[in-house]
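What follows is one structure encoded as structure tokens, with my remarks underneath.
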Amino acid sequence: MTRIDDTFARLKAEGKKAFVAYIMGGDPDVATSLAVMQGLPAAGVDVIELGIPFTDPMADGPTIQAAGQRALEGGMTMDKVLGMVRTFRAADNTTPIVLMGYYNPIYSRGVDRFLADATEAGIDGLIVVDLPPEEDDELCIPAQKAGLNFIRLATPTTDDKRLPKVLQNTSGFVYYVSITGITGAASAQATDVGPEVARIKRSTDLPVIVGFGINTPEAARTIASVADGCVVGSAIVKDIGAGVPVAQVLARVKALADGAHSA
């Protein structure tokens with residue numbers, strides 16, 4: 001049982017939906033990013049997704065692309081991302097942290113070294129958006145053996161033939177991408193999402209969490225009501241990029257979390 005598994009078991013027992021928040025590690029700088037990260041649990045965040053900045057983030061829209069660029073220009077590295085996690089863990093040993101990003105920085109570091117460093121720092125799971133199930137031996141299986149959840153994305157184009165392959169080595173939760181396209185590009189619609197979540201849940205006992213296209217408390221409530229919870233990223237990252245003070249960023253996060261938890 002990872003912290004992710006424990007968290008979803010607790011939420012299920014409480015009859016609550018999950019709220020997951022994404023931030024980019026090191027955006028716009030380590031101090032600000034860490035201050036936001038440290039404030040997320042008190043703002044109602046159940047799981048933190050921490051982005052690893054990368055030069056070619058193919059799944060991300062302009063808002064998160066810009067965040068990654070700001071972080072890289074500020075000197076952010078994998079070591080510094082893991083350092084943020086270690087600092088966070090010094091005061092919080094319960095909130096799950098999922099690293100989200102692309103395979104290149106992990107490959108460059110070396111899978112064995114990366115997994116050892118990630119587990120030592122206090123990471124609970126990985127979302128690596130450009131590694132398909134056909135490449136599970138590359139990272140997914142070693143990560144599972146190291147005690148990390150490997151969380152897979154399902155999308156509107158994941159048909160019934162493809163779905164079992166996507167689910168076969170997934171753990172922690174399934175991340176359902178609500179729209180066809182990049183982050184921040186369109187609004188998620190519960191009427192579209194609900195049937196797809198139900199279809200996925202017929203094939204797995206894992207929680208299904210919906211992300212992409214959720215940017216208001218009402219949208220968080222509506223989408224969470226047809227799933228096991230929701231993810232918000234671009235709306236939070238946009239505030240950070242605009243220089244909104246940390247306290248106001250966290251107030252926005254709390255409103256979003258309250259929306260999801262009211263579902």
Side-chain angles (χ1 to χ4, degrees), residues 3-4 7 19-57 59-102 104-106 108-109 113-114 116-129 148 183-184 211 215 231-258:
R3 293 183 187 91
I4 296 170
T7 294
F19 181 70
V20 182
Y22 170 95
I23 62 169
M24 177 65 73
D27 173 39
D29 53 67
V30 173
T32 304
S33 187
L34 181 60
V36 173
M37 184 180 179
Q38 289 173 323
L40 292 177
V45 173
D46 299 300
V47 179
I48 296 170
E49 281 184 18
L50 183 62
I52 306 169
F54 179 51
T55 52
D56 189 23
D60 294 308
T63 297
I64 292 179
Q65 284 186 22
Q69 197 60 44
R70 286 191 298 268
L72 290 169
E73 289 173 357
M76 200 60 185
T77 63
M78 177 76 79
D79 280 334
K80 290 179 181 178
V81 171
L82 295 175
M84 284 179 60
V85 176
R86 290 188 192 94
T87 302
F88 179 90
R89 283 281 174 243
D92 185 324
N93 200 39
T94 57
T95 304
I97 300 173
V98 175
L99 282 184
M100 184 169 185
Y102 298 83
N104 188 281
I106 296 169
S108 298
R109 192 178 190 85
R113 181 187 170 199
F114 168 76
D117 292 345
T119 52
E120 179 272 329
I123 295 299
D124 304 291
L126 304 174
I127 299 174
V128 183
V129 299
L148 298 174
T183 57
N215 53 26
V231 185
V232 176
S234 293
I236 299 167
V237 171
K238 188 174 183 178
D239 281 353
I240 294 170
V244 173
V246 170
Q248 288 178 232
V249 172
L250 293 173
R252 170 80 174 273
V253 172
K254 184 178 186 306
L256 291 160
D258 288 349

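Side chains are part of it too, since the values below use all heavy atoms of this structure and drop only hydrogens, waters and symmetry mates.
Put simply, the side chain of Asp79 reaches to within 4.5 Å of the side chain of Arg109, judged on heavy atoms. Side-chain contact between Thr95 and Arg3 is absent, with no heavy atoms from C-beta onward closer than 4.5 Å. The shortest side-chain heavy-atom distance between Pro53 and Val81 falls under the 4.5 Å cut-off. Between Ile23 and Ser33 there is a side-chain heavy-atom pair separated by less than 4.5 Å. Inter-residue side-chain proximity for Leu82 and Glu120 is flagged as unmet; no heavy-atom pair is nearer than 4.5 Å. Under the 4.5 Å side-chain criterion, counting only non-hydrogen atoms from C-beta, Val237 is not in contact with Asp239. Residues Val249 and Ile236 have side chains in contact (heavy-atom distance under 4.5 Å, counting atoms from C-beta outward). Using a 4.5 Å heavy-atom cutoff, the side chains of Phe114 and Leu99 are in contact.
A side-chain donor-acceptor contact under 3.5 Å links Arg89 to the backbone of Gly122. The backbone N or O of Ala59 lies less than 3.5 Å from a partner atom in the side chain of Tyr102, making a donor-acceptor pair. A donor-acceptor pair under 3.5 Å is absent between the side-chain atoms of Lys80 and the main chain of Gly26, judged by distance alone. The backbone N or O of Val98 sits nowhere less than 3.5 Å from a side-chain atom of Asp124 that would complete a donor-acceptor pair. With Ser108 contributing its side chain and Asn104 its backbone, the two residues share a donor-acceptor pair below 3.5 Å.
Gly44 and Ala257 make their closest contact through O-CB, 3.7 Å (heavy atoms, listed as atom of the first residue, atom of the second, distance). Closest of all the heavy-atom pairs between Ser234 and Ile64 is OG-CD1, 3.7 Å. Here the closest non-hydrogen pair linking Val36 and Leu250 is O-CD2, 3.6 Å. Residues Ile4 and Pro96 approach most closely at CG1-CB, 3.6 Å, considering heavy atoms. When all heavy atoms of Asp92 and Pro41 are compared, the pair lying nearest together is OD2-CG, 3.5 Å.
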Is there a side-chain contact (heavy atoms from CB on, under 4.5 Å) between Leu50 and Phe88 once you walk through the steps? CA-CA 12 Å; Leu50 183 62; Phe88 179 90; over 6 Å; no
Apply side-chain contact (heavy atoms from CB on, under 4.5 Å) to the pair Leu256 and Asp258, showing each step before the final yes or no. CA-CA 5 Å; Leu256 291 160; Asp258 288 349; over 6 Å; no
Checking Ile52 against Met100 for the side-chain contact (heavy atoms from CB on, under 4.5 Å) test, could you report, in this order, the C-alpha distance in whole Å, the side-chain angles of both residues, the deciding distance, and whether it holds? CA-CA 6 Å; Ile52 306 169; Met100 184 169 185; over 6 Å; no
Give the intermediate values and the outcome of salt bridge (charged side-chain N to carboxylate O under 4.0 Å, His left out) for residues Asp29 and Arg70. CA-CA 8 Å; Asp29 53 67; Arg70 286 191 298 268; over 6 Å; no
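Phe19 CZ to Lys254 NZ: the interatomic distance, rounded to the nearest 0.5 Å, is 11.5 Å. Taken to the nearest 0.5 Å, the CE atom of Met37 stands 5.0 Å off from the CD1 atom of Ile48.
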